[in-house]
Undergrad: 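Just dropping this structure here.
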Number of protein chains: 2
Amino acid sequence: MPTLTLGSLELAALLAVARLGNDAYGLAVRRDLTERTGRDYSIGAVYTTLQRLEDKGVLKSRTGEPQPFRGGRSRRHYAITGAGARALRDAERNTAALWAGFGSVRPEPA
Amino acid sequence: MPTLTLGSLELAALLAVARLGNDAYGLAVRRDLTERTGRDYSIGAVYTTLQRLEDKGVLKSRTGEPQPFRGGRSRRHYAITGAGARALRDAERNTAALWAGFGSVRPEPA
DNA sequence: GGCATAAGTTCTATTATGTAGAACAAATCG
DNA sequence: CGATTTGTTCTACATAATAGAACTTATGCC
């Protein structure tokens, strides 16, 4: 297998879906991402990322029912797959290894 | 300022330079990266990344003296700049925020 | 009914990062 | 001086990040 890699936004989006659980759909993921990273991602950035995650098999999606309020059209709900859960565990382990034993950073004096 | 962002390999390479200190040069960074990530990066990938980090101002480099052993030509030594140290602190904080309160991942039953 | 408006998603493009490997350079050894 | 070793640069392409317009489907209201 050609080693699954996740970009940093992909990982953040995957985590957002994991956290949101049943409420994981495009706009909600975007809000979560904005809050958690402090950055403002365009809606297009979010959806293309979710699409890639689905292509990679770490997410799956289904179309929900329309919502009973103004503009409440049906949402595309995302959920983590088994491969996705594994990818998250791997990412967690890799991240820990990357930062392990790293105290503070001292820049060279100019 | 157009918000400095670092890709995942860029961050890993920056951390490698930080760790290696005075021994931070291309091949050593590559070795460190290989050990720490378990992945085998091509030498071209490493140097391109270091170059980009320098362009972004988080690393600076100087040419060292030739080494007194076979094939020991002069090395290009890299060091973290003040902006680099800040970037690392930011990355650390962002990473922590991203994973905060994240226990285990439960995939949806198929 | 039909238009304004709101929530959502899809499409189209472009730039930034990741990645490989050949080519090139400079040292020592025999 | 040719083989070998360490090290760096160059060239090219693949993948991921990112934006925003366009499109779709609801409800609210006159």
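Since this is a predicted model, take the numbers as computed values, not measurements. Proteins come first, then strands; the chains are lettered A, B, ... in the order of their sequence lines, and each starts at number 1. All values below come from the heavy atoms of this structure, side chains included, with hydrogens, waters and symmetry mates left out.
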Undergrad: For a quick check, tell me whether the side chain of A:R73 and the base of C:dA7 share a donor-acceptor pair closer than 3.5 Å.
TA: no
Undergrad: Start with the C-alpha gap between B:Q51 and B:D55, add the side-chain angles, then the distance that decides, and say whether side chain to side chain contact (heavy atoms under 4.5 Å, CB included) holds.
TA: CA-CA 6 Å; B:Q51 180 59 60; B:D55 291 345; 3.0 Å; yes
Undergrad: Indicate yes or no for a side-chain donor-acceptor contact from B:K56 to the backbone of B:T5 under 3.5 Å, with no hydrogens or angles considered.
TA: yes
Undergrad: Rounded to whole angstrom units, what separation is found between the CG atom of A:L50 and the C1' atom of C:dC11?
TA: 16 Å
Undergrad: What nucleotide, of D:dA17, D:dG7, D:dC10, holds the atom closest to the side chain of A:E10?
TA: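 That would be D:dA17.
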Undergrad: How many Å lie between CD on B:Q51 and C1' on C:dA20, as a whole number?
TA: 17 Å
Undergrad: Is B:R75 reaching over with its side chain to a backbone N or O of B:G26, donor-acceptor style, under 3.5 angstrom?
TA: no
Undergrad: What's the CG-P distance between A:L53 and D:dA16, to the nearest Å?
TA: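 From A:L53 CG to D:dA16 P: 10 Å.
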Undergrad: Tell me whether the side-chain N/O atoms of B:R75 come closer than 4.0 Å to OP1 or OP2 in D:dG7.
TA: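 So the side chain of B:R75 is within the cut-off, an N or O lying under 4.0 Å from OP1 or OP2 of D:dG7.
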Undergrad: Would you please confirm or rule out a distance under 4.0 Å between OP1 or OP2 of C:dT19 and any side-chain N or O of B:T49?
TA: no
Undergrad: Taking the minimum atom-to-atom distance to the side chain of B:R76, which one of D:dA16, C:dT5, D:dT9 wins?
TA: D:dT9
Undergrad: How would you label the contact of B:G71 with the nucleic acid (heavy atoms, under 4.0 Å): base, sugar-phosphate, or nothing?
TA: base
Undergrad: Take atom CG of A:L59 and atom P of D:dA16, then tell me their distance rounded to the nearest Å.
TA: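 From A:L59 CG to D:dA16 P: 14 Å.
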Undergrad: Which is true for A:G26 with a 4.0 Å heavy-atom rule: it touches a base, it touches only sugar-phosphate, or it touches nothing?
TA: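 Sugar-phosphate, no base atom in range.
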Undergrad: Looking only at side-chain atoms of A:R70, point me to the closest of D:dT6, D:dG28, C:dG8.
TA: D:dG28
Undergrad: Think B:K56 has a side-chain N or O under 4.0 angstrom from the OP1 or OP2 of C:dT17?
TA: yes
Undergrad: Using side-chain heavy atoms (C-beta onward) and a distance below 4.5 Å, is A:L6 in contact with A:L53?
TA: yes
Undergrad: So which nucleotide from C:dA27, C:dA20, D:dA16 ends up closest to the side chain of B:P66?
TA: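 Given the options C:dA27, C:dA20, D:dA16, the side chain of B:P66 is closest to C:dA27.
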Undergrad: Rounded to whole Å, please give me the gap between CZ in B:R52 and P in D:dC10.
TA: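 Roughly 14 Å, once rounded to whole Å.
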Undergrad: Which sits closer to the 5' end of DNA chain C, A:F69 or B:F69, going by the nucleotide each is nearest to?
TA: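 So the residue in question is A:F69.
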Undergrad: Which comes earlier along DNA chain D counting from the 5' end, the contact point of A:I43 or that of A:R39, where each point is its nearest nucleotide?
TA: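 Going by which nucleotide is closer to the 5' end, it is A:R39.
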Undergrad: Does A:G72 or B:Y25 map to a spot on DNA chain D nearer the 5' end, using the closest nucleotide for each?
TA: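 Upstream on the strand: B:Y25.
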Undergrad: Give a yes or no answer on whether the side chain of A:T81 reaches the backbone of A:K60 with a donor-acceptor pair at less than 3.5 Å.
TA: no
Undergrad: Tell me whether the OP1 or OP2 atom of D:dA17 has a side-chain N or O from A:S8 closer than 4.0 Å.
TA: yes
Undergrad: Would you classify A:D55 as touching base, sugar-phosphate or nothing, given that sugar-phosphate means primed atoms plus P, OP1 and OP2, and contacts are heavy atoms under 4.0 Å?
TA: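 The residue A:D55 makes no contact with any strand.
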Undergrad: For B:L9 and D:dA17, what is the distance between atoms CG and P respectively, to the nearest whole Å?
TA: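 So the CG-P distance, B:L9 to D:dA17, works out to 13 Å.
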Undergrad: Would you indicate what B:T48 reaches in the nucleic acid, counting non-hydrogen atoms under 4.0 angstrom: base, sugar-phosphate, or nothing?
TA: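 Base contact - B:T48 has a heavy atom under 4.0 Å of at least one base atom.
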Undergrad: Measure CG/A:L6 against P/C:dT19 and give the value in whole Å, please.
TA: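 Roughly 12 Å, once rounded to whole Å.
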Undergrad: Find the distance B:R30:CZ to C:dA20:P and express it as a whole number of Å.
TA: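 The distance from CZ of B:R30 to P of C:dA20 comes to 9 Å, rounded to the nearest Å.
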Undergrad: Donor-acceptor check, side chain of A:E10 to backbone of A:R52, threshold 3.5 angstrom: yes or no?
TA: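 A pair under 3.5 Å: no.
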